[in-house]
> 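I'd like to ask some things about the structure below.
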Amino acid sequence: MAISGRISQWKKLPLTLTELCIDTTLQCGQSFRWRKINDEWICSLRGRVVVLKQDESCLHYKSMFPNVSPSPSKDIRDEDNTDKMLYHYFDLKHDLGALYEQWSKADPIFKKLAPQFGGVRILNQDAWEALICFICSSNNNISRISSMAHKLCKYYGAFITKIGDEEYHDFPTPEALTNPKVESHLRELGFGYRAQYIANTAKIVASKPPGWLNGLRNPESPAWGAKPALDSDSDAKPVTYKEAHGELISLSGVGPKVADCVCLMGLGWSESVPIDTHVWQIAQRDYKFGKTKTKTFTKATYDAVGDHFRELWGKQAGWAHSVLFTADLKAFAKAKDAAKEVMKVKKEAEEEEDEDGSVDSPAVKVEVKVEEEVTAVEEAPRGRSKRKRAATAVVKTEDALEAKREYTVRTRSQKKAKGQ
DNA sequence: CCTAGGCCTTTAAA
DNA sequence: ATTTAAAGGCCTA
């Protein structure tokens, strides 16, 4: 494989799946730039391309740097701080097992769901990247947000290296997005109304003093590469979560939810709980938040839900929230797959009957219960190979249906409330 | 303080 | 086939 930069060997970090599960953590909607290729995760990160894979006991990683290093003759090991970078990125100083125990103790609902979703961890992302990506997230879905994030890197980020035919670029700086043509270009690229938000926010941030955004960090969670303040200027009073949140809201395209995402995933405010439509649904369905006075979701409701979770889960409420959020996403995806699988089986059954030209097939045209259709498929095998295929489909479908039923039960109460 | 409507684009249902 | 709704919201009136 052709690589234009310098590549490190595989290294490893002892780490259990309870402490970190990259499969869930990297695709639960926190970060939008990781891509999975076979069993490896790959992403450009702070000037290098990082590849990750995980087994029972270790996180394996390697990194690729650009060729234009300060001293090309120097051994890569002297400057490769990827181990420390990942330790910071995954915030591994926290004992996740202990946190899960604490949250389970405080909340029976968490306790029930958590065992299936271990190793979900809040990433310590670059604040600027989080800010722009979550501006993109409004009224949007994960796959489209991801493609937008990649376009930003592709057109505005510094080139890092090429692997095969794929070029890797870093996430763009604010300055790189201040060009007057950015807004119209991003619109052409399909960003929609978010193009303006991004352009405006880039201008605002670029006009602030350097380090302004990271100045909103939780002091207990310093930025990557930040030098510990030597003799700190005593007039700089520490920022609070609420203050940081308020500052972010003043930016373009940033409301309470996006501000909380940046606080939690970019600025180290672990008590921040972003309330999006999913979390709001969880709050209504599982935490009795349905009977508020106002029907629509107001700022007051937003704060009330956040405060409730902060009281329930404590200091690291944002982390606990992400576990439940992940659980809901997975259940939702499973139910969706189930629906697809059912359609597929339907189609197969239909095709088989067409092949035979048999007439006794009322099941496919009439709206009936899916369970009955599955039975119909099972009883309809005629040739050997067809029988096998049908049997496999049934097995897969039963799992899928189970997931769908489970999700439906969980969401029923909410649908009822909506109907009134 | 609360509410309604509009906004870009894509996808899946209806 | 067209239309509607929803997808991890925000902004303006």
Side-chain angles (χ1 to χ4, degrees), chain A residues 24-32 120 122-123 125 130-151 183-201 204 245-246 248-266 272-285 292-306 309 318 321-333 335-344 346-347 367 370 404 411 414-415 418-419:
Chain A
T24 40
T25 301
L26 296 182
Q27 61 185 339
C28 66
Q30 286 190 58
S31 164
F32 302 96
V120 178
I122 294 292
L123 301 172
Q125 300 184 68
L131 173 59
I132 294 303
C133 287
F134 283 105
I135 286 176
C136 291
S137 79
S138 83
N139 224 348
N140 209 346
N141 57 66
I142 291 181
S143 81
R144 185 171 164 220
I145 301 165
S146 301
S147 98
M148 288 158 89
H150 281 102
K151 283 174 187 172
E183 181 179 340
S184 59
H185 182 218
L186 292 183
R187 274 195 178 264
E188 284 171 27
L189 291 175
F191 281 62
Y193 58 81
R194 304 164 197 84
Q196 188 186 34
Y197 295 160
I198 293 170
N200 288 345
T201 289
I204 296 170
H245 192 264
L248 290 171
I249 282 194
S250 73
L251 298 169
S252 172
V254 180
K257 188 268 177 181
V258 170
D260 265 322
C261 287
V262 179
C263 278
L264 178 62
M265 302 163 204
S272 167
V273 182
I275 315 293
D276 58 35
T277 145
H278 277 258
V279 178
W280 173 230
Q281 285 177 21
I282 294 171
Q284 289 177 106
R285 187 187 65 211
T292 42
K293 299 242 165 96
T294 53
K295 278 188 210 162
T296 53
F297 190 73
T298 67
K299 179 66 165 68
T301 317
Y302 185 97
D303 291 337
V305 176
F309 284 134
H321 131 281
S322 78
V323 176
L324 288 201
F325 179 79
T326 304
D328 209 64
L329 264 192
K330 291 267 178 170
F332 185 69
K336 221 171 170 183
D337 285 349
K340 270 187 191 166
E341 193 62 38
V342 169
M343 291 305 289
K344 202 172 135 195
K346 257 191 194 175
K347 222 175 182 178
E367 186 76 21
V370 275
K404 191 180 179 182
T411 49
Q414 182 232 329
K415 279 183 183 168
K418 218 175 175 182

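First the proteins, then the strands, lettered A, B, ... as listed; each starts at 1.
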> Determine, step by step, whether A:Val254 and A:Leu131 satisfy the side-chain contact (heavy atoms from CB on, under 4.5 Å) criterion, reporting the C-alpha distance in whole Å, the side-chain angles of both residues, the deciding distance to 0.1 Å, and the verdict.
CA-CA 8 Å; A:Val254 180; A:Leu131 173 59; 3.8 Å; yes
> Please evaluate the base of C:dG9 for a donor-acceptor partner in the side chain of A:Tyr302 within a cut-off of under 3.5 Å?
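Flag unset: no donor-acceptor pair detected.
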> Quick check: does any side chain N or O of A:Arg144 sit under 3.5 Å from a backbone N or O of A:Gly190, one acting as donor and the other as acceptor?
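Looks like yes, one N/O pair under 3.5 Å.
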> Hey, which sits more toward the 5' end of DNA chain C by its nearest nucleotide, A:Tyr197 or A:Phe134?
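It is A:Phe134 whose nearest nucleotide is closer to the 5' end.
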> Hey, does A:Ile275 reach any base, or is it just sugar-phosphate, or nothing, if we go heavy atoms under 4.0 Å?
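Nothing: the residue A:Ile275, judged by heavy atoms under 4.0 Å, touches no strand.
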> Find the distance between CZ (A:Phe297) and CG (A:Asp276) and round it off to the nearest 0.5 Å.
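Here the interatomic distance stands at 8.5 Å.
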> Any non-hydrogen side-chain atom of A:Leu123 less than 4.5 Å from a side-chain atom of A:Leu26?
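Result yes, sub-4.5 Å side-chain heavy-atom pair found.
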> Measure from the side-chain N and O atoms of A:Thr201 to the backbone N and O of A:Ser252, and report whether any donor-acceptor pair falls under 3.5 Å.
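Yes; judged by distance alone, with no hydrogens or angles, the pair exists.
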> In whole Å, what separates the P atom of C:dA13 from that of B:dC8?
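Those two atoms are separated by 15 Å.
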> Base, sugar-phosphate alone, or nothing: which one does A:Ala195 contact when heavy atoms must sit under 4.0 Å apart?
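Nothing, no heavy atom under 4.0 Å.
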> From CZ of A:Phe297 over to P of B:dC1, roughly how many Å is that when rounded to an integer?
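Rounding to the nearest Å, CZ of A:Phe297 and P of B:dC1 are 16 Å apart.
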> When all nucleic acid strands are considered with a 4.0 Å heavy-atom cut-off, which category describes A:Arg187: base, sugar-phosphate, or nothing?
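The answer is sugar-phosphate, as A:Arg187 gets under 4.0 Å only of primed atoms, P, OP1 or OP2.
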> Please measure how far the P atom in B:dG5 lies from the corresponding atom in C:dG8, and state the result in whole Å.
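The answer is 24 Å between these two P atoms.
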> Is there a donor on the side chain of A:Lys257 or the base of C:dG8 sitting less than 3.5 Å from an acceptor on the other?
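Flag set: donor-acceptor pair detected.
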> Just to be sure I understand the rule, does A:Leu186 reach a base, reach only the sugar-phosphate, or reach nothing, if contact means heavy atoms closer than 4.0 Å?
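Nothing, no nucleic acid heavy atom in range.
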> What is the ring orientation for A:His321 with A:Phe325, classed by angle as parallel under 30°, tilted 30 to 60°, or perpendicular over 60°?
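Correct class here is parallel.
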> Ignoring hydrogens and geometry beyond distance, is the side chain of A:Arg144 in donor-acceptor contact with the base of B:dT9 at under 3.5 Å?
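By the distance-only test, yes, there is a pair.
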> Have a look at A:Glu188 and say if it touches a base, only the backbone sugar-phosphate, or nothing, with a 4.0 Å heavy-atom cut-off.
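Answer is nothing: A:Glu188 stays at 4.0 Å or more from every strand.
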> Please state the P separation for the pair C:dA5 and B:dA4 - nearest whole angstrom.
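One P to the other, the span is 16 Å.
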> What does A:Pro274 touch in the nucleic acid at a heavy-atom separation under 4.0 angstrom: a base, only the sugar-phosphate, or nothing?
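No contact.
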> Before giving the answer on side-chain contact (heavy atoms from CB on, under 4.5 Å), spell out for A:Lys257 and A:Ser138 the whole-Å C-alpha distance, their side-chain angles and the decisive distance to 0.1 Å.
CA-CA 9 Å; A:Lys257 188 268 177 181; A:Ser138 83; over 6 Å; no
> Classify the nucleic acid contact of A:Cys136 as base, sugar-phosphate or nothing, counting any heavy atom under 4.0 Å across all strands shown.
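It contacts nothing in the nucleic acid.
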> Just call it for A:Val254: base, sugar-phosphate, or nothing, with non-hydrogen atoms closer than 4.0 Å on any strand.
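The residue A:Val254 makes sugar-phosphate contact but no base contact.
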> Output the pairing pattern of DNA chain C as a dot-bracket string, 5' first, Watson-Crick or G-U wobble with both distances under 3.5 Å, | for cross-strand pairs, [ ] for crossing pairs.
.||||||.|||||
> Output the rounded distance in Å from CZ (A:Phe325) to P (C:dA7).
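One finds 11 Å between P of C:dA7 and CZ of A:Phe325, rounded.
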> Do the side chain of A:Gln125 and the main chain of A:Gln30 share a donor and acceptor less than 3.5 angstrom apart?
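Yes, because the side chain of A:Gln125 sits within donor-acceptor range (under 3.5 Å) of the backbone of A:Gln30.
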> Please pick, from B:dC2, C:dA7, C:dC10, the nucleotide with the shortest atom-to-atom distance to any side-chain atom of A:Thr298.
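Out of B:dC2, C:dA7, C:dC10, the nucleotide with an atom closest to A:Thr298's side chain is B:dC2.
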> Where the side chain of A:Gln281 is concerned, which of C:dG8, C:dA7, C:dG9 is the nearest nucleotide?
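Among C:dG8, C:dA7, C:dG9, the one nearest the side chain of A:Gln281 is C:dA7.
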> Could you check how far CZ of A:Arg194 sits from P of C:dG8, rounded to whole Å?
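Those two atoms, CZ and P, are 12 Å apart.
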